[in-house]
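Residue numbers begin at 1 in each chain, while the letters A, B, ... track the order of the sequences.
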Amino acid sequence: MTASSLLHRSPLPRTFYARPARDVAKALLGARLLRLVDGQRVGGIIVEAEAYCDSAEPDRACHGTRNNGQPTLRTTVMFGPAGHAYIYFTYGMHWMFNVVTGEPGQANAVLIRALEPDTGEWIISHNRRKQPRSKWTNGPAKLTAALEIDNKLNGTELFSAETVLWIENGRAVLPAQIASGPRVGLGKTPEPWFSKPWRYWITDNPFVSQYR
DNA sequence: AGCACGATTAACT
DNA sequence: GTTAATCGTGCTC
């Protein structure tokens, strides 16, 4: 393998993201999330994702619904154009990676919850040392730690030619292999939002997050 | 100005 | 199964 092939990028186009979050979440299963770290590609196959703010009525689980549905310093990117990275800090220590979907002015987004690592695994193993490979990227904050994704990448254009963070075509996933269920970690979110089946994952994939 | 909690994780018992 | 870690955000007073 040559040095130039290591740097090759073929990101999904902006138009891939410009549709409802649930459609994007399902289409992302099997795609490969990649991050350039010290000139090396690091990442894996997306195996679990959740849709937020994808309904006519305000999704009470969605950050974009807070502050009376108006953008804040934190959520501005969510309200912007599709194909950008919305990255936020939570629980005092964790970063979460989302892709912005839909039309500008709406706060649609998809949370990437788990990857099957397949690229630059020596870098992932360093970032996730002390953990077994099965737990390197099987959770939303685990994968950001593994791929060195933090606030410096908030707002990144995932489709630009020079991006250091992008998603490309990966593995084919048939509709029959996609499972769905309620989103994880919604806490006090009221019904019906608590139970909306807007979490999608690849059936039987061992890197899907474990706990509820 | 103060406060409760979060789109979680790892290390406990 | 239970709990500490750790702090920015949005909401209430």
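Distances shorter than 4.0 Å separate none of the side-chain N or O atoms of A:His63 from OP1 or OP2 on C:dT9. OP1 or OP2 of B:dA7 lies within a sub-4.0 Å distance of a side-chain N or O belonging to A:Arg66. The phosphate of B:dA7 has neither OP1 nor OP2 within less than 4.0 Å of any side-chain N or O from A:Arg199.
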Listed pairs, N/O of protein and of nucleotides 10-13 of chain B, under 3.5 Å:
from, atom 1, to, atom 2, distance (Å)
B:dA10, OP1, A:Arg128, NH1, 2.6
B:dA10, OP1, A:Arg128, NH2, 2.9

Mind listing the N/O atom pairs, protein and nucleotides 4-8 of chain C, below 3.5 Å?
from, atom 1, to, atom 2, distance (Å)
C:dT6, O2, A:Tyr91, O, 2.4

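Rounded to whole angstrom, the span from the CG atom of A:Asn67 across to the P atom of C:dC11 amounts to 6 Å. Going from atom CZ of A:Arg60 over to atom C1' of B:dC5 covers 15 Å, rounded to whole Å. Atom NZ of A:Lys188 and atom P of B:dC5 are 4 Å apart (whole Å). A:Phe97 has its CZ atom 16 Å from the P atom of B:dT9, to the nearest Å. Between A:Gln210 atom CD and C:dG1 atom C1' the separation is 16 Å, expressed in whole Å. Distance A:Arg183 CZ to B:dT8 P: 12 Å, rounded to the nearest Å. Summarising the geometry, the separation between CD1 on A:Ile87 and P on B:dT8 is reported as 16 Å, rounded to the nearest angstrom. Whole-Å rounding puts the A:Trp95 CH2 to B:dT9 P distance at 15 Å.
Looking at A:Asn108 and A:Tyr52, their side chains never come closer than 4.5 Å, going by heavy atoms from C-beta outward. Counting heavy atoms from C-beta on, the side chains of A:Glu48 and A:Ile202 never come closer than 4.5 Å. By the 4.5 Å heavy-atom criterion applied to side chains, A:Asp150 and A:Thr144 are not counted as neighbours.
At a threshold of 4.0 angstrom between heavy atoms, the contacts of A:Ala61 include nucleobase atoms, whether or not backbone atoms are also involved. Across all strands shown, A:Thr189 has no heavy atoms under 4.0 Å from either base or sugar-phosphate atoms.
Summarising the base pairing, B:dA7 is matched to no nucleotide, lacking a Watson-Crick or G-U wobble pair whose two defining distances lie under 3.5 Å. Across the strands present, B:dA1 finds its partner in C:dT12; the criterion is a Watson-Crick or G-U wobble pair with both atom distances under 3.5 angstrom.
The cationic atom of A:Arg9 (NZ for Lys, CZ for Arg) lies less than 6.0 Å from the six-membered ring centre of A:Trp166 and within 45° of the ring axis. A cation-pi arrangement, defined by a distance under 6.0 Å to the six-membered ring centre and an angle within 45 degrees of its axis, is absent between A:Arg22 and A:Tyr200.
Of the possible donor and acceptor atoms, one in the side chain of A:Thr65 sits under 3.5 Å from a partner among the backbone N and O of A:Asp59.
Closest of all the heavy-atom pairs between A:Arg32 and A:Gly170 is NH1-CA, 4.1 Å.
Between A:Gly187 and A:Leu143, it is A:Gly187 whose nearest contact on DNA chain B lies nearer the 5' terminus.
No continuous path of hydrophobic side-chain contacts links A:Met93 to A:Met96 [ILVMFWY only; heavy atoms under 4.5 Å].
Taking the P atom of each, B:dA7 and C:dG1 are spaced 23 Å apart, rounded to whole Å. Remark: the separation of the P atoms in C:dT6 and B:dG2 is 23 Å, to the nearest Å.
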Item to complete: Under the side-chain hydrogen bond (donor to acceptor under 3.5 Å, both in side chains) rule, what do A:Glu148 and A:Asn127 come out as? Steps first, then yes or no, please.
Response: CA-CA 8 Å; A:Glu148 302 180 26; A:Asn127 290 334; 3.0 Å; yes
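Ring geometry, A:Phe89 versus A:Trp95: the interplanar angle falls from 30° to 60°, so the pair is classed tilted.
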